[in-house]
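Residue numbers start from 1 in every chain, and the chains themselves are labelled A, B, ... in the order their sequence lines are given, proteins ahead of strands. A quick note: this is a predicted structure, and the numbers were derived from the prediction, not measured.
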Amino acid sequence: MASLSEEVLLVVKKVRQRKQDGTLYLMAERIAWGPEGKDRFTVSHLYADIRCQKISPDGKAKIQLQLVLHTGESTTFHFSNESSALKDRDAAKELLQQLLPKFKKKANKELEEKNRMLQEDPVLFQLYKDLVVSQVISADEFWANRLGDINNTDPAPYNNKQEVGISGAFLADIRPQTDGCNGLRYNLTADIIESIFRTYPAVKQKYSENVPHNLTEKEFWTRFFQSHYFHRDRINTGTQDIFSECAKQDEKGLKSMVVQGVKNPLVDLLSLEDKTLDEGYGVSSGPPSTSNLNRSVKESSNAAIIKRFNHHSAMVLAAGSRKGETPTDQASETSSTDGNSRDSDFFQPPVRLQEAIEYEDLQRKNRPKTVALNLKKSDRYAHGPVPLLSQHYTTSQDIINSVNHIRHEMVNYKPNLTQVLSSTAATSAIAALSPGGVLMVAGAQQAINQMVPTEVQGELKHLYAAAGELLRHFWSCFPVNTPFLEEKLTGHLEEMLQTAYSKFHIWQTRRMMRKT
Amino acid sequence: MASEDEINLLVIVVDVNPIWWGQQAQREPEFTLSKCLDAVMVMGNAHMAMTRTNKLAVIASHCQDSHFLYPSKSWRGGDSGAEDASSSGDGKYELLSIANNLIAEEIRNVMSKTEVRGNSTDTLLAGSLAKALCCILSIKTVYSFQHLRHVIKAAEDCALQYMNFMNVIFAAQKQNILIDACVLDSDSGLLQQACDITGGLYLKIPQKLALAQYLLWVFLPDSEQRSQLVLPPPAHVDYRAACFCHRNLIEVGYVCSVCLSIFCNFSPICTTCETAFKIQLPQMVKPKKKKLKQST
């Protein structure tokens with residue numbers, strides 16, 4: 001039972017238990033007592049098993065410390081050292097006070113877990129009732145399969161319930177009711193108490209220090225509400241109030257909050273304040289309205305209220321964000337009492353801004369990277385396949401002469417369409433264009449009059465002459481001035497042209513058939 | 001026979017480069033711009049006279065701009081009818097006489113406004129062709145169409161208009177517009193390409209005096225009738241590309257795979273896009289050194 005490898009935190013001599021002298025040892029995980037002279041413990045309790053501790057009131061002769069276990073048993077230690085009994089007991093009590101809460105949770109957890117499971121699952125509950133209550137299976141066996149190893153695993157998966165936040169108005173909800181005779185009645189529920197403890201850890205600490213040793217709960221709360229701490233809109237006079245320390249701590253917390261500043265610049269409340277121009281539209285400085293003394297008093301009382309409100313709100317926010325912190329961790333709590341969530345580091349705001357202004361589907365798609373075409377001399381492409389050498393140059397004098405000449409020529413231009421073509425020019429052109437001519441290089445090398453037989457040439461000449469005559473008649477009818485001409489055109493000539501056309505057509509088909 | 005809805009539009013683009021024509025007038029006084037324009041008018045009249053639905057447009061291509069000689073913006077059919085009646089005393093078809101008069105008037109205006117500018121001596125042919133194309137297409141939406149464009153060209157090719165020219169040619173090809181070319185002075189590779197691509201006729205005239213005859217014989221019939229006629233065969237077109245470095249026409253060359261510029265010689269860096277190329281040269285076989293045993 002006595003393992004020497006355990007860390008011993010406190011040793012108190014001359015502690016009597018059951019009328020026996022002995023020594024009390026406080027270890028890391030348990031408290032033990034051994035009678036004098038013997039080196040083994042007769043009494044040993046794990047902190048997890050201890051439900052609470054009690055101390056005897058100050059006035060009594062016997063200085064005692066009682067441990068109440070979960071099972072209901074109690075063990076009493078009597079501190080019998082003449083000189084330092086009180087001190088010893090207090091030391092032991094302090095240490096226990098710190099150690100017990102650590103282990104309390106672990107012990108309770110298992111039971112809590114079991115209770116929770118039974119509550120949530122009616123089938124399981126029924127099963128439990130049937131089997132364990134009627135003693136078919138022992139409780140241990142029943143829970144052996146179901147619990148698993150709760151003690152080792154993270155309680156987070158079982159923590160399905162959301163944490164309930166704190167209402168910001170919880171203090172205001174405690175509406176005092178007049179008692180009839182100049183007194184006030186405050187109704188405190190467990191929720192309110194819990195809210196107060198969560199919001200003001202200093203109060204919780206005071207509570208755990210003083211109750212149930214010095215004060216009863218009722219007295220504690222009476223003192224609380226009576227204290228200046230609660231009714232703060234005033235200057236702290238430093239009374240012998242147990243809560244004056246709390247006030248000082250709060251001041252410290254406020255100061256540290258102010259120093260830390262706003263972590264999240266996106267929630268910039270400073271910019272929301274009204275900026276009004278003073279009297280005189282900011283130009284003239286108005287006369288001071290009140291005397292300095294008045295101002296300072298008024299200001300300080302206003303400042304006190306405002307300070308209190310700010311602090312209250314900050315604490316409520318902080319309590320909501322604080323999860324599972326132990327109350328022994330007092331030192332760090334003041335630093336965590338700023339209202340901003342701890343998660344918003346300096347790096348978050350830019351990220352949030354980015355998220356706010358960027359939309360994923362508006363971004364440019366990631367196309368494969370391409371290399372741009374870099375053309376230095378792009379005018380090369382515009383130059384056609386014209387050899388550079390074949391340019392002949394004109395002098396500027398030439399240009400001037402040419403332009404003048406042409407201008408002169410065209411000033412009096414009148415179309416002279418009857419003298420366009422001379423017959424010699426025409427015939428030479430026709431010769432060039434006919435098969436065998438100059439221009440018809442790729443065609444037949446023979447002259448056409450060698451390809452076509454003579455009689456066909458003759459017939460064609462006759463036909464051509466006849467057609468020409470008819471056309472001459474046709475054109476001579478224009479302009480149609482007289483009805484005679486009109487009649488000639490529409491009746492006579494048309495007939496003739498039709499006849500000529502059909503004649504030509506016959507000849508053509510005859511020629512074609514002959515050929516084939 | 002062409003139905004009422006079918007319109008045969010002939011657009012004649014005449015090169016009236018004053019510098020060339022001025023020089024030509026000094027070289028050959030018998031054939032001047034006036035004569036040329038007369039021949040053009042004859043062809044235009046003939047075209048309009050063949051069918052009522054034939055239409056004509058004439059564009060003068062200058063070095064400063066290109067100008068519509070016919071139909072002109074200032075023409076109002078009814079108002080100038082009285083004027084023209086006096087000049088058509090020879091019983092001419094009114095439309096023809098009006099057209100002739102308008103063309104004459106416009107060309108007089110154009111030539112009188114000619115300014116002497118040394119820097120732009122080239123005919124803006126690509127622009128004129130583009131205008132003609134627009135003219136054709138603007139009517140195309142209304143009527144169904146057969147159309148021809150005929151170019152009479154005098155001066156040389158301008159290398160700077162190459163891109164525009166080719167664009168116009170391909171646009172015409174897409175729209176089934178034929179381009180014919182009648183060249184007076186020197187062969188034009190661009191016009192040869194144009195005629196080849198669009199399916200028209202290219203002719204370099206040996207005798208300028210007989211221009212009217214050539215026009216009427218070769219270019220007056222439209223595309224359907226041409227298949228029935230024996231006409232000068234198409235010339236061989238030189239489609240060779242010119243290298244970017246010397247502008248020589250080459251048959252085999254090197255092409256940069258990045259910017260597609262053509263070179264006649266291999267160079268490790270393309271001068272247009274500055275891409276470095278590596279060509280695996282055949283491995284040089286080092287001759288084996290035979291160790292000569294020196295006999296002592």
Side-chain angles (χ1 to χ4, degrees), chain A residues 371 373-378 380-392 394 396 398-407 409-422 424-430 432-435 437-444 448 475-476 478-479, chain B residues 18-23 25-26 32-35 37-39 41-42 45 91 93 100 103-104 107-108 111-112 114 116 118 121 156-157 159-163 165-166 189-190 203 206-207 209-210 212-214 217-218 230 232-233 240-242 244 246-249 258-259 261 271-274:
Chain A
V371 179
L373 183 62
N374 179 22
L375 294 175
K376 297 289 177 203
K377 300 176 188 171
S378 56
R380 280 178 170 183
Y381 295 96
H383 200 279
V386 176
L388 278 170
L389 301 169
S390 70
Q391 271 191 6
H392 68 259
T394 50
S396 50
D398 274 344
I399 294 173
I400 296 170
N401 286 344
S402 313
V403 170
N404 287 337
H405 192 100
I406 198 72
R407 260 209 239 157
E409 179 197 328
M410 295 306 288
V411 161
N412 301 315
Y413 169 65
K414 264 211 172 68
N416 188 1
L417 298 181
T418 53
Q419 304 291 330
V420 172
L421 198 58
S422 69
T424 45
T427 45
S428 62
I430 292 171
L433 286 169
S434 312
V438 175
L439 296 168
M440 313 290 282
V441 180
I448 193 157
W475 281 112
S476 66
F478 290 95
Chain B
I19 298 158
W20 190 88
W21 280 108
Q23 288 170 342
Q26 288 161 356
T32 61
L33 183 56
S34 326
K35 285 275 183 198
L37 282 169
D38 286 345
M41 265 192 244
V42 163
N45 290 349
Y93 183 23
N100 294 345
I103 292 173
I107 193 66
R108 280 198 295 267
M111 296 316 279
S112 63
T114 308
V116 180
T121 58
E156 289 151 353
D157 271 343
L160 296 173
Q161 296 177 33
Y162 174 65
M163 280 297 226
F165 214 94
M166 295 313 288
L190 288 177
L203 191 65
Q207 288 175 296
L209 284 172
Q213 183 61 51
Y214 287 109
W217 185 282
V218 180
V230 181
R240 283 183 299 169
F244 279 40
H246 312 106
R247 292 280 149 210
N248 296 330
L249 297 174
V258 173
C259 62
S261 46
T271 45
T272 316
C273 64
E274 295 184 353

Under 4.5 Å from any heavy atom of chain A - which part of B:I103: neither
Tell me, out of A:Q419, A:E409, A:K414, who's got the most heavy-atom pairs with chain B below 4.5 Å. A:E409
Starting at CG of B:L37, measure out to OH of A:Y413 and round the result to the nearest 0.5 Å. 4.5 Å
Tell me, please, which residues at least two apart from A:L375 pass side chain to side chain contact (heavy atoms under 4.5 Å, CB included). A:L373, A:S378, A:Y381, B:C259, B:T272, B:C273
Side-chain touch B:W20/A:I406, heavy atoms, less than 4.5 angstrom: no
Among residues at least two apart in sequence or on other chains, which ones pass side chain to side chain donor-acceptor pair (under 3.5 Å) with B:Q207? A:S428
Nearest heavy atoms of B:A210 and A:A429, plus distance in Å: CB-CB, 3.7 Å
Using every non-hydrogen atom in the two residues, find where B:T271 and A:K376 come nearest and quote the distance to one decimal. O-CB, 4.1 Å
Enter the distance from B:D38:CG to A:T418:OG1 here, rounded to the nearest 0.5 Å. 9.0 Å
Side chain proximity check, A:R407 to B:P18, heavy atoms < 4.5 angstrom: no
So B:P232 and A:L433, do their side chains get closer than 4.5 Å, heavy atoms only? yes
Is B:Q213 reaching over with its side chain to a backbone N or O of A:I430, donor-acceptor style, under 3.5 angstrom? no
For the atom pair CE (A:M410) and CG (B:L33), what is the distance rounded to the nearest 0.5 Å? 4.5 Å
Quick one: pull up NE2 in A:H405 and CD in B:Q23 and give me the separation to the nearest 0.5 Å. 11.0 Å
Using non-hydrogen atoms and a 4.5 Å limit, figure out which bit of B:T32 sits close to chain A: side chain, backbone, both or neither. both
For B:A212 and A:V420, the nearest pair of non-hydrogen atoms, with its separation, is CB-CG1, 3.5 Å
Within this structure, what is the CG-CZ distance for the pair A:N412 and B:R108, rounded to the nearest 0.5 Å? 8.5 Å
